[in-house]
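The chain is numbered in sequence order, starting from 1. For clarity, every value in this text was computed on a predicted model and none was experimentally measured.
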Amino acid sequence: MHICVLGQGYVGLPLAVRAAEAGHAVTGYEPDRARCEALAAGSSYVEDIGDDRLQAVLDSDAYYATSDPQDLKGFDVAVITVPTPLTDRAPDLSCVRDAGRVLAEWIEPGATVVLESTTHPGTTRDVLVPLLEEGSGLVAGRDFHVGFSPERIDPGNPDWRLENTPKIVAGLSEGCLERVKGFYDTVTEVTVPASGLEEAELAKVFENTYRHVNIALVNELSRMAHTLGVDVWHTLELAATKPFGFTKFLPGPGVGGHCLPIDPVYLSHHVKARHGQTFRLIELAQDINESQPDYVVRRLQDALSRRFRRSVHGARILALGAAYKPGTSDARQSPAVEVTGRLRQMGADVTVVDPYLPVTGGGCREIPFGATAADVTIGDFDAVVLLTPHGEFDLDRLAAEASFVLDTRGVMTAAPHIERL
């Protein structure tokens, strides 16, 4: 089939490459021309897709990246994988709308359009379908097919990839569901049919809401445990020995990525705007997780004052990690960036180190750090804050050479000069 994937980012590029590997002729539509040029040259900016995989589908002529909407003509299946950010703390569906308008002109009878972008229930039916029908002059569910299949991409996860992660599929009608499922059966190992579009949309935002709320719970627990003088990390290890009724979540400097800081807000905002009801648990979790970077800064400030009788202002601080999770360069909504930004605002001399990211500007210096990076003198710093535990960081060396470490991820052994959050 001729497959068009609109948006060639963390979600769209893996899908496009996988579809090309499955034997489809794939057009990757990306309005950013610089990205298109990189893809055409075989250079992937998405870590889950290596240059070798990208080059292989380019060499086979199974994949083509373009910023020209006319290349969408004649598609059998088009998948929308564009961002759904927050603007002024409210859901922003402008990219979905733009993609729908671009796509509508090229819909032919029998074609299938699938939305993968995370959003609130009702978006596919109430927002996307009218745009597709207006622009095409066709009727969804009769002349062409429409579906929703939430993305479940976990950047940097080598175990759960696009092809082996169960894929929820939904359709505007039974016929639409059959077409949507038929496509995803060619690129994924397991498809899970949903009874309706809204159920599939709600399932996606609830998956991330579940994580968001539980992370907020352990973040607040870590604060209370610190006040009580109790080791929260050991407490969680003990609780995790229960073989039923408990799932282990860990505290940290906050939540990041596209999903957790954003997706639950789509649900709570939609419920309030449409029905005037407050999703109290989401809003409380949002308050806790958004305030976590401030809590990290306060802990560091207290430690400097207590241990060295000095303030954050003028302190030389080494911040390890800028990405929101280890093993990836994804810094979207990263709490590590929030922490370092607050420290700089308070007058600290901050050096940010991340082996996956070029951390420059804003008073930060890029220094490669790891077992072979002899040019970092850890002893030159008044304190180290470990924000993202990349595997490249030599934690033994850090423990041996640092004057003080605030470990926000609980990966180091507690010691007189090492505090865990």
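The residues D302 and R299 are annotated as not salt-bridged, no charged nitrogen and carboxylate oxygen being separated by less than 4.0 angstrom. Ion pair K167/E116 flagged as a salt bridge, since at least one NZ, NE, NH1 or NH2 atom sits closer than 4.0 Å to an Asp/Glu carboxylate oxygen. Salt bridge present: D185 and K181 bring a charged side-chain N and a carboxylate O closer than 4.0 Å. With respect to the salt-bridge test (charged N to carboxylate O, under 4.0 angstrom), the residues R342 and E338 qualify.
Side-chain contact between T112 and F183: absent, with no pair of heavy atoms (C-beta onward) separated by less than 4.5 Å. For the pair R97 and V127, the minimum side-chain heavy-atom distance is below 4.5 Å. For the pair K204/I168, no side-chain contact is recorded, criterion being any heavy-atom separation below 4.5 Å from C-beta on. Side-chain contact check for I317 versus D382: every heavy-atom pair is 4.5 Å or farther apart. Residues Q292 and S222 are in side-chain contact: their nearest non-hydrogen atoms beyond the backbone lie under 4.5 Å apart. No side-chain heavy atom of E47 sits under 4.5 Å from any side-chain heavy atom of P155.
Remark: H390 engages Y356, F393 in a ring-ring contact (aromatic ring centres under 6.0 Å, His included) (not counting sequence neighbours). The ring-ring contact (aromatic ring centres under 6.0 Å, His included) search around F249 returns Y210, not counting sequence neighbours.
A cation-pi arrangement, defined by a distance under 6.0 Å to the six-membered ring centre and an angle within 45 degrees of its axis, is absent between R307 and F404.
Between the side chains of S291 and R223, at least one donor N or O sits under 3.5 Å from an acceptor N or O. Under the 3.5 Å distance criterion, with hydrogens and angles disregarded, no donor-acceptor pair is assigned to the side chains of T66 and D68. Checked by atom type, the side-chain pair D59/Q55 shows a donor-acceptor distance below 3.5 Å.
In terms of modelled atom types and a separation under 3.5 Å, the side chain of N219 and the main chain of G254 share no donor-acceptor contact.
Just one residue in the list T123, T119, T124 forms a side chain to side chain donor-acceptor pair (under 3.5 Å) with E201, and that residue is T124. Looking at L318, L300, L406 one by one, the single match for side-chain contact (heavy atoms from CB on, under 4.5 Å) with V384 turns out to be L318.
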Only pairs under 3.5 Å count here: list side-chain donor-acceptor contacts from residues 35-44, not counting sequence neighbours, and write none if there are none.
unit_1 : atom_1 : unit_2 : atom_2 : d
S44    : OG     : V46    : N      : 3.2
S44    : OG     : V46    : O      : 2.9
S44    : OG     : I49    : O      : 2.7

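The minimum heavy-atom distance linking M412 with V405 is given by the pair SD-CG1, 3.8 Å.
By the neighbour-count criterion of 12 heavy atoms within 6.0 Å, atom CZ of R33 is sparsely surrounded, having that number or fewer from other residues, nucleotides or ligands.
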